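First listed ligand is number 1; within each ligand, the first listed atom is number 1. What you are looking at is a predicted structure, and each value in this text was computed from that prediction instead of being measured.
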Amino acid sequence: MEKMDKHELLIDGEWSAAESGETFTINNPTLTTPMAEAALAGDADVDRAVRAARRAFDEGPWPRMLAAERARCLFRLDALIEEHNEAIARIETLNVGKPIRDSRAEVGAGASCFEYYAGAATKFFGETIPVAGHGLDFTLREPIGVVVAIVPWNFPFPMACWKCAPALAAGNTVVLKPASLTPLSALYLGRLALEAGIPPGVFNVLTGPGSKAGTALVKHGGVDKISFTGETATGSQIMALAAADIKRISLELGGKSPNIVFADADVERAARASVLAVFGNAGQDCCARSRAFVEQSVYEEFVAAFIDETKKTVIGDPLDDATQIGPLVSMAQRASVCKYIELGQEEGATLAYGGDVMTNGELAAGSFLRPAVFTGATNRMRISREEIFGPVLNVIPFTDENQMIAEVNDSDYGLSGSIWTRDLDRALRTIRRVRSGVLSVNSNSSVFVEAPFGGYKKSGIGRELGMAGLANYTETKNVFIATGETS
Ligand code: NDP
């Protein structure tokens, strides 16, 4: 076996092993083989990292330097990420199973995030307020302090950048904890942050299990804010733990997003565009449009066009430029998705296409799964209510708009969704009625670094990206200066 890369923890500007000396193995899901080892952080390492971040916040230059200086540092990091795009993308693809062209785009999006917030650092300011008192009243936007960023395995690099870029731009210090399945791109980001000149202690990276290192970070008294992306159940536990110290939290959680197709839409176009909106990233996407509500009169046409397009998607080696769908992140994740495919059939939906594990040729070793399309599903079925986090679409017919909207909203989640129609009034009416943080009309693009992203209901609290994302990492201080006037 080839010698595996060994990765250490980034704490206070230096790389070090875990105090216990323990490590864990990171796998390549395409070959199901080990590809690297990382230090397994324990309580002592969590404490070291938080203390370093605390010192850097309380005594170090980062929160006190001119916003323009912080911005220069972050612009350097943006440029370094772009310079290393291919290397980071390759690591991400090997570690996550993500098609290389998606990885390149996601690394580019991560770089753009640093570019955007580097620019925003000098354009985010308070207000002067005409209060009922003689004097000057104004607000300051100040950093919150030590931010813990906990990210999942489905979009490891961009999720890390969504949190770290605004947190750093606002003057906070950060401890980043990547998912244990996919920590390699976050460690690479740590290396580039040092090269960009981010001072020691300002940006720390800890690898280790969420159940231990993650919990220890959330409970640590030296932490001011937790920014988490992951499962709703984990978010709920974090929220409960954070309550003890009234820590600030933002949560980006699960989704079960609708894809609403009205009969007047360009059905062919909607069907073609909808395939990667649910099967992209092998369906492991919080925004996956996994419930298609299709008006009865175009239901057959949509299903036929959707399946036809699905058959054309290239499933294969994620390092191949042509590949559109790679393996799932692990065999365990595939097994979990397969259980839902069985469940859907038991619940009475028709498996109209796919859903079989792929055992042919070079795909046999990896956790590949052919995307599954269920027809005749209802919104009451568990496959329509629970986040499957794999390539499974349920197509649900509707005839009555009001009833369809009620079903769309009859979900624990409210993250994303699409509406397909040529009727502007209908589009605007539907936009207002769907309870979701992000929507797109005649498109599946709903994530832009300049625009707020986040969920209603159990899909989360707070917004990332855009100026709302920066506000999430600041406190507002109101100041009144009396001017001595008496009337
Ligand atoms: P998890 O909630 O299992 O894990 C997410 C992160 O939290 C990982 O780093 C994990 O560490 C850590 N973690 C796990 N348990 C705890 C804990 N008790 N305390 C602190 N940290 C913990 O989610 P997944 O990694 O399985 O990610 C998939 C989920 O993420 C899906 O539900 C998806 O919808 C959601 N998601 C939401 C997005 C959004 O913006 N709304 C975007 C992308 C994904 P470890 O890996 O070591 O267990």
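By the criterion of a heavy-atom distance under 4.0 Å, the backbone of V151, and not its side chain, is placed next to ligand 1. Contacts with ligand 1 closer than 4.0 Å are made by heavy atoms of both the backbone and the side chain of T229. Under 4.0 angstrom from ligand 1, there are no non-hydrogen atoms of D285. Neither the backbone nor the side chain of E464 has any atom closer than 4.0 Å to an atom of ligand 1 (non-hydrogen atoms only). At a heavy-atom cutoff of 4.0 Å, ligand 1 is contacted by the side chain of E387 but not by its backbone. Looking at I150 against ligand 1, only its side chain comes within 4.0 Å, counting heavy atoms. Contacts between A213 and ligand 1, counted as non-hydrogen atom pairs separated by less than 4.0 Å, are absent for every part of the residue.
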> So I315 and F279, side chain to side chain contact (heavy atoms under 4.5 Å, CB included) or not? Walk me through it.
Replying inline: CA-CA 11 Å; I315 305 174; F279 298 152; over 6 Å; no
>> Walk me through whether L369 and C338 qualify under side chain to side chain contact (heavy atoms under 4.5 Å, CB included).
In response: CA-CA 9 Å; L369 178 67; C338 286; 3.9 Å; yes
>> Run E106 and K98 through side chain to side chain contact (heavy atoms under 4.5 Å, CB included) and show every step you take.
In response: CA-CA 10 Å; E106 287 172 25; K98 196 182 277 292; 3.0 Å; yes
> D410 and R380: salt bridge (charged side-chain N to carboxylate O under 4.0 Å, His left out), yes or no, with the steps?
Replying inline: CA-CA 9 Å; D410 180 17; R380 294 308 308 168; 2.8 Å; yes
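In this structure, P178 is part of the shell of residues with a heavy atom less than 4.0 angstrom from ligand 1. For P209, the closest heavy-atom approach to ligand 1 falls below 4.0 Å.
When L176, V218, T234 are ranked by how near their heavy atoms come to atom 14 (C) of ligand 1, first place goes to T234. Looking at K219, K177, Q237, it is Q237 that brings a heavy atom closest to atom 18 (N) of ligand 1. Across A179, S180, P152, G455, heavy-atom proximity to atom 47 (O) of ligand 1 is greatest for S180. Taking each of W153, F228, W162 in turn, the one with a heavy atom nearest to atom 24 (P) of ligand 1 proves to be W153. Of the options K256, Q333, E231, E252, the smallest heavy-atom separation from atom 40 (O) of ligand 1 is shown by E252. Counting heavy atoms only, C286 comes closest to atom 39 (C) of ligand 1 of the residues S459, G454, C286, C287.
For the 3.5 Å distance criterion, the side chains of S250 and K225 qualify, holding a donor opposite an acceptor. No side-chain donor from either of T182 and N95 sits under 3.5 Å from a side-chain acceptor of the other. For the residue pair E37/T23, the side-chain donor-acceptor check at 3.5 Å is satisfied. Of the N and O atoms on the side chains of E386 and Y340, at least one donor lies less than 3.5 Å from an acceptor on the other residue. W62 and N172 share no donor-acceptor pair across their side chains, judged by distance under 3.5 Å alone.
Sorted by first and then second residue, the pairs that involve residues 282-291 and meet side-chain hydrogen bond (donor to acceptor under 3.5 Å, both in side chains), not counting sequence neighbours, are R289-S416, R289-S418, R289-S440, R289-S446, R291-N379.
In summary, the atoms of ligand 1 found under 4.0 Å from a heavy atom of L415, numbered by their order in the structure, are 41 (N). Every atom of ligand 1 with a heavy atom of G208 under 4.0 Å away is listed here by number and element: 47 (O). In the vicinity of T215, heavy-atom distances shorter than 4.0 Å reach the ligand 1 atoms 17 (C), 18 (N), 19 (N), 20 (C). Of all atoms in ligand 1, listed by their number and element, those nearer than 4.0 Å to a heavy atom of G214 are 19 (N), 20 (C), 21 (N). Residue G254 has at least one heavy-atom neighbour below 4.0 Å for each of these atoms of ligand 1: 34 (O).
If you take OG1 on T215 and CD1 on I238, they are separated by 7.5 Å, rounding to the nearest 0.5 Å. Taking CD1 from I461 and CZ from F228, the interatomic distance works out to 12.0 Å, rounded to the nearest 0.5 Å.
The salt bridge (charged side-chain N to carboxylate O under 4.0 Å, His left out) search around R191 returns none, not counting sequence neighbours.
When distances from atom 4 (O) of ligand 1 to the protein are checked, no heavy atom turns up under 4.0 Å.
Looking at S274 and F302, their side chains come closer than 4.5 Å, going by heavy atoms from C-beta outward. Considering only heavy atoms from C-beta on, F306 comes within 4.5 Å of V278 through its side chain.
At the shortest separation from atom 35 (C) of ligand 1 among protein heavy atoms lies G230 O, 3.2 Å. Residue, atom and distance of the protein heavy atom nearest to atom 28 (C) of ligand 1 are F389 CE2, 3.4 Å. Looking at atom 44 (C) of ligand 1, its nearest protein heavy atom turns out to be N154 ND2, 3.2 Å. Taking atom 22 (C) of ligand 1 as the reference point, the nearest protein heavy-atom neighbour is G210 CA, 3.5 Å.
Ligand 1 has a nitrogen or oxygen under 3.5 angstrom from a nitrogen or oxygen of L253. An N or O contact shorter than 3.5 Å is missing between T232 and ligand 1 by distance.
Judged by distance alone, the side chain of D12 and the main-chain N or O of A52 form no donor-acceptor pair under 3.5 Å.
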